[in-house]
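Everything numeric in this text was worked out from a predicted model, so none of it was measured. Numbered from 1 within each chain, the chains take letters A, B, ... in sequence-line order.
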Amino acid sequence: MPELPEVEVVRRGLASWVAGRTIASAEVLHPRAVRRNAGELPDQLKGRTILSAERRGKYLWLPLHDSAADDARGVSGDAAEPPVAAEALLAHLGMSGQLLMVEPLAPLEKHLRVRLGFTDGGPDLRFVDQRTFGHLLVAPMVHMSPRSVPEPITHIAADPLESAFDDAEFANRLRRRHTGIKRALLDQSLISGVGNIYADEALWRARLHWARPTETLSRPAIAELLSAVREVMSEALGQGGTSFDSLYVNVNGESGYFDRSLAVYGRRDEPCPRCGTAVRREAFMNRSSYSCPKCQPTPRNARP
DNA sequence: CGTTTTACCTGGTGGC
DNA sequence: TGCCACCAGGTAAAAC
């Protein structure tokens, strides 16, 4: 459920609540939440200071201050030189992951997986995840131009809201694919941050059927699709994200309300906001695709 | 090698 | 009331 806008809401919350704070304790309550570096996480985090909160697509990470490198530069240091993180705490929320700021004495959540306490005695950072598709790990940073990213996500493409995203290169790669447009939109190594909800909404705005073969898309059509992706994500961000139930929330446990603005997703048999035709639901990759039969006619050469 | 399918996981829902 | 099939779906790994 959490896609780019929802993860960005969480990132902004983390930036204001944990940047500059030092981790005093880390407790893992479910091994699956840290499966990519089992058992080591607490030792890797204790005593580290969080520098900021970053995001690419649906991944977010907290760069960690490297005290050893700081010592090497000398205690006096160069005040003009900002600390460079060699490692970061990387997070993916999966289907149901939440990063919450909670008072340390508050009762433990039913699906609490990881709990971080801070030296200032302020709110904990708690990772709560019902379906355990999400996970946390400490990973080295890889310095790539134009930005540094954690090593495990070097295969994740730039997302359409970051300046590193290259529209022309995206169009070139897309047209070389032999697959359906929705499959391509969901491929995080081609464009990141798009999930089932915003794929359906962007395709509706661009009047494209989800099974349209990528190699038949003109460059102007791709440009319109990218505009639709950016538009729907920006609007959702302005409304705090989308949520259908209490599974997706910001760091304070509050839900966004973009679900009221969805045109087709989850609206089977309801009228298309543009033409009034009943929205259809079609099976797609063992899940669902919602579209308007009139605005998004099925192409003859559909590629499911 | 590029593309497609499957496994992972829990809670809510609807049928019987 | 219980039991079960089914649905939600992002990602990595396996299969094709």
Given DNA chain B, 5'-ward residue of the pair A/H111 and A/R287, judged by closest heavy atom: A/R287
C/dG10 OP1/OP2 closer than 4.0 Å to side-chain N/O of A/Q188: no
Contact under 4.0 Å: A/S96 side-chain N or O vs B/dG11 OP1/OP2: no
Sugar-phosphate only, base, or nothing, as touched by A/R303 at under 4.0 Å among non-hydrogen atoms: nothing
Touch class at under 4.0 angstrom, heavy-atom based, for A/Y59 against every strand present: sugar-phosphate
Spacing of A/M285 atom CE relative to C/dA12 atom P, expressed in whole Å: 13 Å
Report all side-chain donor-acceptor pairs from residues 134-145 of chain A shorter than 3.5 Å, counting only partners two or more places apart or in another chain.
residue	atom	partner	partner atom	Å
A/H135	NE2	A/R36	NH1	3.0
A/H143	ND1	A/S148	OG	2.8

Which nucleotide in B/dG11, B/dC8, C/dT11 has an atom nearest any side-chain atom of A/R32: B/dC8
Protein-nucleotide distance (A/F127, atom CZ; B/dC9, atom P), rounded to Å: 15 Å
Sugar-phosphate only, base, or nothing, as touched by A/R177 at under 4.0 Å among non-hydrogen atoms: sugar-phosphate
Comparing A/H178 and A/N286 on DNA chain B - which has the more 5′ nearest nucleotide: A/H178
A/R55 with A/E8: basic N within carboxylate O range, under 4.0 Å: yes
A/S288 side-chain N/O to C/dA8 phosphate OP1/OP2 under 4.0 Å: yes
Atom-to-atom span, CD1 of A/I153 to C1' of C/dT11 - whole angstrom: 13 Å
Rounded distance in Å - CZ (A/R176) to C1' (B/dT3): 16 Å
Distance, rounded to the nearest Å, where A/Q130 contributes CD and B/dG12 contributes P: 7 Å
Contact under 4.0 Å: A/H92 side-chain N or O vs C/dG10 OP1/OP2: no
Cation over ring face, A/R113 and A/F127, 6.0 Å, 45°: no
Distance, rounded to the nearest Å, where A/Y290 contributes OH and C/dC7 contributes P: 11 Å
A/R274 charged N/C atom sitting above A/W204 aromatic ring, 6.0 Å / 45°: yes
Between B/dT3 (C1') and A/L186 (CG): distance, integer Å: 14 Å
Contact summary for A/T132 and A/R32, nearest pair of heavy atoms: O-NE, 2.9 Å
Any A/K110 side-chain nitrogen or oxygen under 4.0 Å from OP1 or OP2 of B/dG11: yes
Sugar-phosphate only, base, or nothing, as touched by A/H135 at under 4.0 Å among non-hydrogen atoms: nothing
Rounded distance in Å - CG (A/D129) to P (C/dA8): 19 Å
